Amino acid sequence: MGRFEAGMAEEIDNEFLISLVQVRPVLCDKTLQIFKDRIATQNAWRDICCELKNDFETMEKNEKNLFGKAVMKRWVNLRNSISRYRKKLKECKKSGSGSVSLKKYIYNDQLHFSAHIYNLRETDDSLECAGNREEVLFDNELLQLNNVTTEEKKLRDSQTEKGENPMKSN
């Protein structure tokens, strides 16, 4: 980050930025269809930049780009920080983890709105899944084998009823 960009980043009030993003779900709610709309996203970021910097519209194009990038970078940093905090918090609550004191994230209350959007997913143990997969494959092979032997048995029974020799090949 250059000196000019660093100076712009210092001008950004994190709490105000969070409140501006919060009222614009296009920027943070991945469950919405509009989240994929690039034009709506660009417009929302431009609105935020105008709110954060009064003279944003009168700035030169390259200055607008630098400021916009600094704002977006700050948001990504805040979003990632709350995500890491929630992950650590969840790990501290696991049984057997011992008594660990975790300091509350400074913007936890302001970023509470994102809890349902950026929730941590449960992961599966890959070893357990691999074992289950092999069992399913084995069970499927047994079913197929049983189906074949049942079909062969039915064929032999029908041939025996007709007076044909089931052991004799056609």
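What you see is a predicted model; the values in this text were computed from it and never measured.
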Quick check for you: to the nearest 0.5 Å, what is the distance between [X] atom [atom1] and [Y] atom [atom2]?
X	Y	atom1	atom2	value
D13	R74	CG	CZ	9.0 Å
R24	E51	CZ	CD	5.5 Å
K64	T58	NZ	OG1	8.0 Å
L78	Y107	CG	OH	6.5 Å

### Task
Please examine the side chains of S81 and R84, heavy atoms only from C-beta on, and report whether any two atoms are closer than 4.5 Å.
yes
Requested in this report: Flag the pair V71 / W45 as yes when at least one side-chain heavy-atom distance between them is below 4.5 Å, and no otherwise.
Outcome: yes
Any side-chain donor near an acceptor of the partner, N43 and R46, under 3.5 Å: yes
Practice prompt. Determine, step by step, whether K88 and Y85 satisfy the side chain to side chain contact (heavy atoms under 4.5 Å, CB included) criterion, reporting the C-alpha distance in whole Å, the side-chain angles of both residues, the deciding distance to 0.1 Å, and the verdict.
Written response: CA-CA 5 Å; K88 285 180 186 176; Y85 169 74; 5.7 Å; no
Taking every non-hydrogen atom, the tightest pair across [X] and [Y]:
X	Y	result
F67	C49	CE2-O, 3.8 Å
I18	W75	CG1-CZ3, 4.3 Å
L111	R86	O-NH2, 2.9 Å

Hey, mind stepping through E57 and C50 against side chain to side chain contact (heavy atoms under 4.5 Å, CB included) and telling me if it holds?
CA-CA 7 Å; E57 289 296 332; C50 289; 3.0 Å; yes
Under 3.5 Å, side chain of T41 to main-chain N/O of D37, donor-acceptor pair present?
yes
Between [X] and [Y], is there a shared hydrophobic cluster once you connect ILVMFWY residues whose side-chain heavy atoms come closer than 4.5 Å?
X	Y	value
I48	F16	yes
L32	V26	yes
I34	M72	yes

